[in-house]
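Since we're looking at a predicted model, the values are computed, not measured. Proteins get letters first, then strands, A, B, ... in listed order; numbering begins at 1 in each.
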Amino acid sequence: MDIPSRYNPKDTEDKWYKIWEEKDLFSAKPDPAKKPFSIVMPPPNVTGILHMGHALNNTIQDILIRYHRMKGERSLWMPGTDHAGIATQNVVERSIAKGGLKRQDLGRDKFIKKVWEWKEQYGSTITRQLRKLGASCDWARARFTMDEEYSRAVIEVFVRLYEKDLIYRGNYIINWCPRCQTALSDEEAPHHEIQGNLYYLKYPLKPGQFPMGTAPEFIVVATTRPETMLGDTAVAVNPKDKRYKKLVGKILILPLVNKEIKIIADSMVDMEFGTGAVKVTPAHDPNDYALGKKHGLEFVNVLDPRGGMNENAGNYKGLDRFEARKVILENLEGKGLLEKIEPHTLSAGHCYRCHTIIEPYFSEQWFVKMQPLAKPAIEAVKKGKIKFFPKRWTKVYLNWMDNIQDWCISRQIWWGHRLPVYYCKDCCNQGKKGIIVSRLKPEKCPDCGSADIYQDADVLDTWFSSWLWPFAAFYWPEGLSLKACLPAGRGAAPKEDLKYFYPTSVLVTAPEIIFFWVARMIMAGMEFMKDIPFKDVYIHGTVRDIEGKKMSKSLGNVIDPLDIINEYGVDALRFSLISITAQGQDIFLSKERFEQGRNFANKIWNASRFILMNLDQGLSLEEAVPKENSNIINRWILSRLHSTLKEVSKDLDTYKFNEAANTLYGFFWHEFCDWYLEIIKPDIKNRENQAVMYTVLEECLKLLHPFMPFVTEEIWQRIREQGTAPAGDSIMIQPWPHIQARMIDKKLEKHTQCLFDVITQIRNLRGSIEIKPEQAVKVSIYAHSKAKHSLLKDNARIIDNLARLESLEFLVSSQRPGATISAIAEDIDIYLHFTGLLDLAGEQHKIEEKISNTEKIIRSKGPRMENAEFIKKAPKEIIDKEKESLVKLNAELARLRKMADELR
RNA sequence: GGGCGGUUGGCGCAAUUGGUUAGCGCGCUUGAUUUACAUUCAAGAGGUUACAGGUUCAAGUCCUGUACCGCCCACCA
């Protein structure tokens, strides 16, 4: 037998993945007679490279897909990539920058062409890496959010929403990233705390409004962004603020700009903060914007799109915003108008792509009206049509949905779906509206007939295409009406699949994506499909380093899954990752974690190697069905197998992946290998043992396959190569083991456990007096019950072998034989004969210790049985259990005392 | 300012609806190598479940409060 004694992942991984793909085992074709099971993969960015978050996310999905596929469902995992507008544009801009080029140098069309070229060349990195991971996606169906047909769906949605009056254009304060030079949605500009200052600026009152000496010369305002003062058009105070009461309505001279601005009163102003007087910059702050609207203030934009000062900033024009801040402060100080600077922590929005501090910026953008869309999406979750796992995310979702804000969807970049918005130059020039929203470019203006029409330059937020993923990936809207219209044969993705696979079964994703994507998909699903996009949402934790920090390149704490695959193998990566992923908890990773997975893969490998070396051909599996007279050890392991199977299936059905993995680990390693195989080793050629051993291995391989696809496939195939089992395509498509309830016998499991306890106790006794492992010893046993007596007697050989006995004697009374040390296991007394010098005092001490321990337990339980309340109120089962255990403990105590007496 | 999660042996985590003597992995101690696997095997040590109250016959589990850690949301200029 040429099986190496170490599992080498590199020999199996690429090989089997290739074969699975060649045999087309990942493809799922609709079959009305069968249940569908579908998952749409959260499409990774086309610029993406595999990180641990991907590894975890996709391993979970692959486990679910493989599990349901084996259960006989039509199991589809729909893969794809996201065009990731800003991220991809940034990457390509960086790449052409090496040649000293900016995108503007190329022009829009050429730049877009470059992006496509980049995509062709590098865009498949992430999908290649997902293959490495073992992901069993139906690659033939892979979609890209910029595909022609997908883009059509995006345009369709825009037009429909516009026609329903759910999309509008307007001038508002939005989040502007000066580096990416585009608007961002609120979700794309998360707030982070930064250390800044609060600057106190003096704004002089216009002279002559009060008689000399009856009013202050200045009003002091506090601001964190002094450069925006150039765009101030008022100062606001609280109307209740006595300090400023008489100043309301008066005029200030805005320093540096020398412009007159008014003091206004508004209850929005917090009297406690700063000086109680706030400068108002309607074009650069959302609050000030509101004030500006309310009080009819002027909107002065002082920034340009790059975050520099524009022509409204006068002398400061051209300076970067932070440079300008410095200069302005210097100038104010020079004029004695800077009162003081206080350190101040504030939270500012940051671009989620490049982490630049965003500027609130007044500009014309396109928005989606969210409240009407949110309503049915809230209902769907409230009514339980969509369930979150873990449940607590439901609240997070509902909270956000209840306070939903309109969604800014226009982006001032080039890479993305261009808005299907056209303008008639003539109409616009004449001050008429001239906006045409259309699926196709209009030939001429429907109003004036002019052909002078141009398209809006903006593109849509990437999430405006992702939110359609669960149905657009299935060729919506055609998919609703068309029958199969793609060429038949392998790889064809018939468009009627939408009907079969939608709604999808479960969405697996990370918490930070709930607002961006999950919530919006639900809204889109309800709006365009009139149905939920998925039934369950499984939210897994964030992968962190061992100190709990997020993994990031800048922190240098990244563990690269590809390195782990290289060093430990993919099965090890998958298994370890899953076994430490408690439902919904974050994951703290260190490299050593993967040793457990690697060791387990090796254990599976070697147990299989051992079995294969000893397995006869042409086994009849009938022999693995326990009969009344079957060997108790075989009945035990089969019962444990089916208990395990039941648990694993239940855990998978409830998304408790770590529990499933750990249950399997414990069963395979510690019960099957450590006990069962060791026990049957001497009788390994026994027909029944052969059949049982083989059955347990086969079933375990199947149970393990979703977690560790490669090692299980390799072994499964080797079993077939050896001719032990009939040939088959792949373990991937074997039926999931059938739970046979009648095989599970908990009483038997418990009963058998006693045998193992006796063996452990004997080994323990040997160890306590340092008997050499090779030295066989004499042991005498007295069982206080008949059942146990016959269990031990029937299996004496097992005890002999595993505890290395010279002889095993069954006593007829509970009398301690001479020259022995003793132990007890349940109701069995164990005596180990010792020929050397006996450490009587040590033995005595050991027993005394056990006695006091047992007494302690009895003391803690005893009063309960005398407690009338307990007897009255506790369920009968519990009382019986308690009674039973107390009886046992007391018997044990009596036996221990007797043992101690006999020693004296 | 709101909300959520966490706090269990040295470390990382488990523990269904409250119900035997709180489990697992790593690490540690001791011993074992012709005999499937040293990526192994055997045996063992190690916890008054963050703290303070409360409910209950019974609390790691439920309630109230406190402390610390982490995350999310929010327009404190």
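Along RNA chain B, the nucleotide nearest to A:Leu198 and the one nearest to A:Ile580 differ in position, and the one closer to the 5' end is contacted by A:Ile580.
In this structure, B:rC37 makes no Watson-Crick or G-U wobble pair, since no nucleotide meets both defining distances under 3.5 angstrom. B:rA42: Watson-Crick or G-U partner is B:rU30, with both key distances under 3.5 Å. Across every strand in view, B:rG1 sits in a pair with B:rC73 that passes the Watson-Crick or G-U test at under 3.5 angstrom. Nucleotide B:rU7 forms a pair with B:rA67, judged by Watson-Crick or G-U wobble geometry with both contacts under 3.5 Å. When both pairing distances are held under 3.5 Å, B:rG12 makes a Watson-Crick or G-U pair with B:rC24.
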Can you check nucleotides 34-36 of chain B for protein contacts, nitrogen or oxygen pairs under 3.5 Å, and list what you find?
unit_1: B:rA36; atom_1: O3'; unit_2: A:Arg609; atom_2: NH1; d: 3.3
unit_1: B:rA36; atom_1: O2'; unit_2: A:Asn606; atom_2: OD1; d: 3.0
unit_1: B:rA36; atom_1: O2'; unit_2: A:Arg609; atom_2: NH1; d: 2.3
unit_1: B:rA36; atom_1: N7; unit_2: A:Lys681; atom_2: NZ; d: 3.3
unit_1: B:rA36; atom_1: N6; unit_2: A:Glu678; atom_2: OE2; d: 3.2
unit_1: B:rA36; atom_1: N3; unit_2: A:Asn606; atom_2: O; d: 2.9
unit_1: B:rA36; atom_1: N3; unit_2: A:Ala607; atom_2: N; d: 3.4

For nucleotides 73-75 of chain B, tabulate all protein N/O to nucleotide N/O atom pairs closer than 3.5 Å, reporting atom names and distance.
unit_1: B:rC75; atom_1: O2'; unit_2: A:Asn287; atom_2: ND2; d: 2.4
unit_1: B:rC75; atom_1: N1; unit_2: A:Asn287; atom_2: OD1; d: 3.4
unit_1: B:rC75; atom_1: O2; unit_2: A:Asn287; atom_2: OD1; d: 2.5
unit_1: B:rC75; atom_1: O2; unit_2: A:Asn287; atom_2: ND2; d: 3.3

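Following rounding to the nearest Å, A:Asn197 (CG) and B:rA77 (P) show an atom-to-atom distance of 13 Å. Between the C1' atom of B:rA43 and the CZ atom of A:Arg763 lies a distance of 9 Å, rounded to the nearest Å.
Using a 4.0 Å heavy-atom cutoff across all strands shown, A:Thr281 reaches no nucleic acid atom at all. Among the atoms of the strands shown, base atoms are found under 4.0 Å from some heavy atom of A:Pro875. Among the heavy atoms of the strands lying under 4.0 Å from A:Lys395 are primed sugar atoms or P, OP1, OP2 only; no base atom is included. A:Arg225 comes within contact range of no nucleotide atom at all, as no heavy-atom separation falls under 4.0 Å.
In this structure, A:His670 and A:Tyr665 have perpendicular ring planes: the angle between them is above 60°, well past the 30° mark. The aromatic rings of A:Phe362 and A:Phe299 lie tilted to each other, with the angle between the two planes from 30° to 60°. In this pair, A:His344 and A:Phe273 present their aromatic rings perpendicular. The plane angle is above 60°, beyond the 30 to 60° band. By the 30° and 60° cut-offs, the orientation of the rings of A:Phe575 relative to A:Phe707 is perpendicular. Under the 30°/60° scheme for interplanar angles, the aromatic rings of A:Trp675 and A:Phe756 are found to lie parallel. Between A:Tyr676 and A:Phe672, the ring planes are parallel. Angles under 30° get that label, and only those over 60° would be called perpendicular.
The listed nucleotides are B:rC37, B:rC41, B:rA77; the one nearest the side chain of A:Trp669 is B:rC41. Across B:rA77, B:rA43, B:rG19, the shortest atom-to-atom separation from the side chain of A:Phe870 is found for B:rG19.
Using a 4.0 Å cut-off between charged side-chain N and carboxylate O, A:Arg321 and A:Glu227 make no salt bridge. Remark: A:Glu342 engages A:Lys340 in a salt bridge, criterion side-chain N to carboxylate O under 4.0 Å.
Annotation: cation-pi pair A:Lys681/A:Phe610 present, NZ/CZ under 6.0 Å from the ring centroid and within 45° of its normal. A cation-pi arrangement is present between A:Arg520 and A:Trp407 under the rule of less than 6.0 angstrom and at most 45 degrees off the ring axis.
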> For nucleotides 20-28 of chain B, read 5' to 3', which letter fits each nucleotide if B means a protein heavy atom sits under 4.0 Å from the base, S means only the sugar-phosphate is that close, and - means neither?
Replying inline: SB---S---
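Taking side-chain N and O atoms only, A:Arg598 has no distance below 4.0 Å to OP1 or OP2 of B:rU39. Contact annotation: A:Thr542 side-chain N/O to B:rC71 OP1/OP2 distance is not under 4.0 Å.
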